Amino acid sequence: MTAVSEAQVGPRPRSAAQAATRQRLLDAARQLAAAGGYGAVTMRAVADRAGVSPPTAYQYFASRDHVLVELLTSLSGGATAVFTTRPSRRRDPVERTVATLRRVVKLVEQEPQLFVAMIRAYLSGTPEARTASAAMRSSMRSWIDSALGDTPVRDRADVVALLEAVLFTGLAGLVIGGRTPADLGDDLERAARLLLERVPDPAPAAGGTPNTSI
C-alpha cells in the first residue's frame, strides 16, 4: 500500500472556520454511520450532510475510512476526558476497572452501527488507521490508569496491553459478526478480574500488611 502524502490526507485546520468545517464533517459521518452503518458513509453523503462540496470534504479527509478513523479517535479522546474527570466511585480498584470497561461497552451498546463502522475502518489497514493506533492505545491506557489510580500492579503495562487486546478483539468480533456488545463486556470483566484479582485491599485491617504484588 502506498503512503498517503499530507496533500492527499488534507491539512489540519488552521483557522476557526476550518476547524468548524472539519467538525461538521465528523458530525455528518457520525450521523450517517449511526443510522445506516459503514455502507451509508460515503464522502459525497458526508459532504452533502455537512453542507460542503465533495472536493472540500476531500481537503480534510482522504476517504470514508479516514473520516471514520478520525471520528473513532475523537470519541475515544472524549471518553478519556469523561473517565478521568468523572471516574468510578467504587473503592475497590478491580471493581473500578470493571466499571470503567463496562462504561466503554455501554457507549458501544448505545450506537452499535456507529462503532461497527468505525472499527471496520480502523481494521482497514490504511495509513490513517495505522497512525491512529497510537492514540487508541494511549486512550486505553488512560482509562485503565484512571481506574487503578495509585494501586500497585505488577507488570502494569502488560496488564493494560492484554486488556486492550481483549477490547479490540471483541470489537473486531462485532464487525465480523457472531459477537454482541454484551459478550464484549463479559469478556472484558472476566479478563480484568483474572489479571487483577490479587490487587491489594484498598483498606487493610489495622496492623495488617497489604499484599502489594499482583
Side-chain angles (χ1 to χ4, degrees), residues 34 69 71-123 129-130 132-214:
V69 166
L71 181 59
L72 177 62
T73 302
S74 175
L75 293 180
S76 297
T80 299
V82 171
F83 295 166
T84 54
T85 58
R86 299 202 299 271
S88 168
R89 296 182 180 275
R90 302 188 185 193
R91 293 181 65 252
D92 181 81
V94 177
E95 296 303 325
R96 286 199 305 271
T97 302
V98 169
T100 297
L101 294 172
R102 288 286 186 182
R103 289 173 78 181
V104 175
V105 174
K106 185 67 174 178
L107 296 176
V108 179
E109 289 175 333
Q110 289 171 347
E111 297 182 288
Q113 289 200 97
L114 169 63
F115 277 87
V116 167
M118 292 189 299
I119 295 301
R120 182 171 172 180
Y122 185 74
L123 297 174
R130 292 197 296 273
S133 64
M136 295 302 299
R137 289 194 297 271
S138 177
S139 291
M140 183 69 177
R141 284 194 300 271
S142 295
W143 301 341
I144 303 303
D145 284 341
S146 67
L148 289 174
D150 295 331
T151 303
V153 177
R154 189 179 66 197
D155 300 323
R156 186 178 183 126
D158 290 337
V159 168
V160 173
L162 287 170
L163 289 174
E164 177 191 355
V166 173
L167 172 62
F168 284 104
T169 298
L171 290 172
L174 298 181
V175 176
I176 296 169
R179 303 289 287 170
T180 68
D183 295 328
L184 172 58
D186 291 343
D187 289 346
L188 282 168
E189 178 169 351
R190 187 161 47 248
R193 293 191 185 283
L194 286 171
L195 291 167
L196 299 171
E197 61 183 355
R198 292 180 59 200
V199 167
D201 190 309
T209 301
N211 175 12
T212 58
S213 63
I214 296 178

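When reading the values below, keep in mind they use all heavy atoms of this one structure, side chains included, and skip hydrogens, waters and symmetry mates. Fair warning: this is a prediction, and the values are worked out from it, not measured in the lab. Note that the numbering runs from 1 along the sequence shown for the chain.
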Problem set entry | Evaluation steps, side chain to side chain contact (heavy atoms under 4.5 Å, CB included), between Val116 and Val108 | CA-CA 9 Å; Val116 167; Val108 179; over 6 Å; no
For this session: Decide yes or no on side chain to side chain contact (heavy atoms under 4.5 Å, CB included) for Met118 and Gln113, but give the supporting numbers first.
Result: CA-CA 9 Å; Met118 292 189 299; Gln113 289 200 97; over 6 Å; no
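A heavy-atom distance below 4.5 Å is not found between the side chains of Asp92 and Arg96. Considering only heavy atoms from C-beta on, Val159 comes within 4.5 Å of Leu163 through its side chain. A 4.5 Å side-chain heavy-atom check between Val153 and Val160 finds every atom pair outside the cut-off. At least one side-chain heavy atom of Phe115 sits less than 4.5 Å from a side-chain heavy atom of Leu107.
To the nearest 0.5 Å, atom CG of residue Leu184 and atom OG1 of residue Thr180 are 8.5 Å apart. In this structure, CE in Met136 is found 6.0 Å from OG1 in Thr73, a value given to the nearest 0.5 Å. Here the CG atom belonging to Leu71 is positioned 6.0 Å from the CG atom belonging to Leu114, to the nearest 0.5 angstrom. Between Leu196 atom CG and Leu148 atom CG the span is 5.5 Å, to the nearest 0.5 Å. The CD1 atom of Ile144 sits 4.5 Å away from atom CE of Met140, with the distance rounded to the nearest 0.5 Å. Interatomic distance, OG1 of Thr169 versus CG of Leu174, reported as 11.0 Å (0.5 Å rounding).
Between Arg193 and Glu95, at least one side-chain nitrogen of the basic residue sits less than 4.0 Å from a carboxylate oxygen of the acidic one, meeting the salt-bridge criterion.
The shortest non-hydrogen separation linking Ala191 to Val166 is CB-CG2, 4.0 Å. For the residue pair Val105 and Gly185, the shortest heavy atom distance occurs at CG2-CA, 3.7 Å. The minimum heavy-atom distance between Glu109 and Ala182, with the atom names listed, is OE2-N, 4.1 Å. The minimum heavy-atom distance between Ala172 and Ile119, with the atom names listed, is N-CG2, 4.3 Å. The heavy-atom pair separating Ser76 from Ser139 by the smallest distance is CB-OG, 3.7 Å. Annotation for Ala99 and Arg90: closest pair CB-NE, 4.0 Å, computed over non-hydrogen atoms.
Among Thr97, Leu188, Asp186, the one residue that satisfies the side-chain contact (heavy atoms from CB on, under 4.5 Å) test with Arg102 is Asp186.
With sequence neighbours left out, the salt bridge (Lys or Arg N to Asp or Glu O under 4.0 Å) criterion links Asp145 to Arg156.
Each ring pair (Phe, Tyr, Trp, His ring centres under 6.0 Å) pair with one or both residues in residues 138-182, not counting sequence neighbours, appears once here: Phe83-Trp143, Tyr122-Phe168.
Listed for the Ser142 side chain is a donor-acceptor partner under 3.5 Å among the backbone atoms of Ser138.
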